[in-house]
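What follows is a single structure, written as structure tokens, with notes after it.
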Amino acid sequence: MSTVGAVVSVGSVVPPMATRTASRKAKKAAPTGTLLLLVRHGQTPSTGRVLPGRAKGLHLSDAGQAEAVAAAERIAPFGDRIGAVYASPLERTKETAAPIAAAVGQKVVVERGLLEADFGEWTGAELKSLFKQPEWRAVQHRPSRFRFPGGESFPEMQLRICSTLDRLVAAHPGKVVVAVSHADPIKAYVAQTMGCHLDLFQRIVVSPCSVTAVAHGPDGTGAIVLCVNSTGRDLTALAPS
């Protein structure tokens, strides 16, 4: 993975003494950017059937565990470039993060800002029943004006995830940061990064255990979305085009 940055050069015409002095000094590299890898948790027994939200006790299925191992194998080549592996506090994200952290010699750091949206009274509801609700149309087409009954609004969720990820990126300059979260927060972050209105963020797809990569310039200068919903490509080959 290429990073933003170049070696600071010294002027070509300098006095001999200055040349000898400069040669004794270590060359300083310009600040490099930070690569953010967003990983959605693997499949669970209720994926695609239930809106689990923040309900506790939901673990990865056998397929989800295999997906987590595969994600770890894709991220492992970054090695000691990994600054940290973060996960939301829910079981399914921590179980996805565990093999990733083990592959790069890190421990999983729990970060509440990576939590799924608070679905309030809709938590645990079957999706087929929610599809019939008149509010579901707002969820899909006007999320910027929707609040889950007794829960979080989409704008609140987007502000939370963006603020959290900006903080994590700033904490690891020049490193690779892994953050294991959930579909809607990842989609909301991608939308914000690309300047896409929140009402269009449902057009973004984030599959179980997919990786979304965002390159951040040094000192928070700009961001480039390198890939979204990647499930098989060599991540170390990603670079701005």
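Quick note: residue numbers are just sequence positions, from 1. In this text, all values refer to a predicted model and were calculated from it rather than measured experimentally.
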Show the nearest heavy-atom pair for residues Ala215 and Leu226, with the distance to one decimal. CB-CD1, 3.9 Å
Check step by step if side chain to side chain contact (heavy atoms under 4.5 Å, CB included) holds for Leu36 and Leu38. CA-CA 6 Å; Leu36 176 63; Leu38 299 168; 4.0 Å; yes
Closer than 3.5 angstrom, by distance alone: can the side chain of His197 be matched with the main-chain N or O of Asp199 as a donor-acceptor pair? yes
Show, in sequence, the C-alpha distance, side-chain angles and deciding distance for His141 and Gln202, and conclude whether the side chain to side chain contact (heavy atoms under 4.5 Å, CB included) test is met. CA-CA 8 Å; His141 302 289; Gln202 297 287 21; over 6 Å; no
Please answer whether the main-chain N or O of Gly151 pairs with a side-chain N or O of Arg147 as donor and acceptor at a distance below 3.5 Å. yes
To the nearest 0.5 Å, tell me how far Arg142 CZ sits from Glu135 CD. 10.5 Å
Verify, without hydrogens or angle tests, whether Asn229 (side chain) and Ser207 (backbone) share a donor-acceptor contact under 3.5 angstrom. yes
Set out, in order, the CA-CA distance, both residues' side-chain angles and the distance that settles side chain to side chain contact (heavy atoms under 4.5 Å, CB included) for Val180 and Leu114, then state yes or no. CA-CA 7 Å; Val180 184; Leu114 299 175; over 6 Å; no
For the aromatic rings, using the six-membered ring if either is Trp, is the centroid distance between Trp122 and Phe146 under 6.0 Å? yes
Using only atom types and a distance under 3.5 Å, with no angle test, would you say the side chain of Thr93 pairs donor to acceptor with the backbone of Ser88? yes
Which atoms form the tightest heavy-atom contact between Ala84 and Gln106, and what is the distance? CA-OE1, 4.1 Å
In the single-linkage hydrophobic clustering (I, L, V, M, F, W, Y; side-chain heavy atoms under 4.5 Å), do Leu90 and Leu58 co-cluster? no
Quick one: closest heavy-atom pair of Val228 and Val205, and the distance? CG1-O, 4.0 Å
Which heavy-atom pair separates Arg92 from Pro52 by the least distance, and what is that distance? NH2-CG, 3.8 Å
Close side-chain approach of Leu115 to Arg112, heavy-atom, < 4.5 Å: yes
Worked check of side chain to side chain contact (heavy atoms under 4.5 Å, CB included) between Ser181 and Val39: CA-CA 6 Å; Ser181 186; Val39 183; over 6 Å; no
Can you see which heavy atom on Leu60 is nearest to which on Ala68, and at what distance? CD1-CB, 4.3 Å
Looking only at atom types and distance, does a side-chain atom of Ser61 sit under 3.5 Å from a main-chain N or O of Gly64, one as donor and one as acceptor? yes
Residue pair Thr32 / Pro173, side-chain heavy-atom distance below 4.5 Å: no
Ignoring hydrogens and geometry, is there a side-chain-to-backbone donor-acceptor pair from Ser210 to Val206 under 3.5 Å? no
Taking the basic N atoms (NZ, or NE/NH1/NH2) and the acidic carboxylate oxygens, is any pair closer than 4.0 Å for Arg167 and Glu111? yes
To the nearest 0.5 Å, atom CD of Gln158 lies from atom CD of Glu152 at 11.0 Å
Regarding Thr44 and His59, do their side chains bring together a donor and an acceptor under 3.5 Å, going by distance alone? no
For the CG atom of Leu238 and the CG atom of Leu35, what is their distance to the nearest 0.5 Å? 7.5 Å
Taking Glu116's backbone N and O only, do any of them form a donor-acceptor pair with Arg54's side chain (distance below 3.5 Å, no angle check)? yes
Side chain of Arg137, backbone of Gln133: donor and acceptor closer than 3.5 Å? no
Could you give the distance from OH (Tyr86) to CG (Leu37), rounded to the nearest 0.5 Å? 13.5 Å
Are Glu67 and Gln43 linked by a side-chain donor-acceptor pair shorter than 3.5 Å? yes
Which pair of non-hydrogen atoms, one from Ala72 and one from Ala103, has the smallest distance, and what is that distance? O-CB, 4.0 Å
Angle class for the Phe148/Phe119 ring planes (parallel below 30°, perpendicular above 60°, tilted otherwise)? perpendicular
Quick check on the hydrophobic clustering: are Val211 and Leu168 connected, directly or via other members, by side-chain heavy-atom contacts under 4.5 Å? no
Report yes or no: does Lys107 contribute a side-chain atom to a donor-acceptor pair with the main-chain N or O of Ala98 at less than 3.5 Å? no
Calculate, to the nearest 0.5 Å, the distance between atoms CG and NE2 belonging to Asp166 and His216 respectively. 6.5 Å
Is there side-chain contact between Thr96 and Cys209, with heavy atoms separated by less than 4.5 Å? yes
Validation row: Arg40, His182 side chains within 4.5 angstrom (heavy atoms): no
Kindly work out whether a path of hydrophobic side-chain contacts (I/L/V/M/F/W/Y, heavy atoms less than 4.5 Å apart) joins Ile161 to Val110. no
Working to the nearest 0.5 Å, report the span between CD1 of Ile186 and CZ of Phe201. 11.5 Å
Any side-chain donor near an acceptor of the partner, Arg74 and Thr236, under 3.5 Å: no
Under 4.0 Å between a side-chain nitrogen and a carboxylate oxygen: does that hold for Lys132 and Glu126? no
Are Val176 and Val104 connected into the same hydrophobic cluster when the rule is that any two of I, L, V, M, F, W, Y join if their side-chain heavy atoms are below 4.5 Å apart? yes
Are Val139 and Leu127 connected in the hydrophobic side-chain network, where two residues link if heavy atoms are under 4.5 Å apart? yes
For the pair Ser144 (side chain) and Leu198 (backbone), establish whether a donor and an acceptor sit closer than 3.5 Å, ignoring hydrogens and angles. no
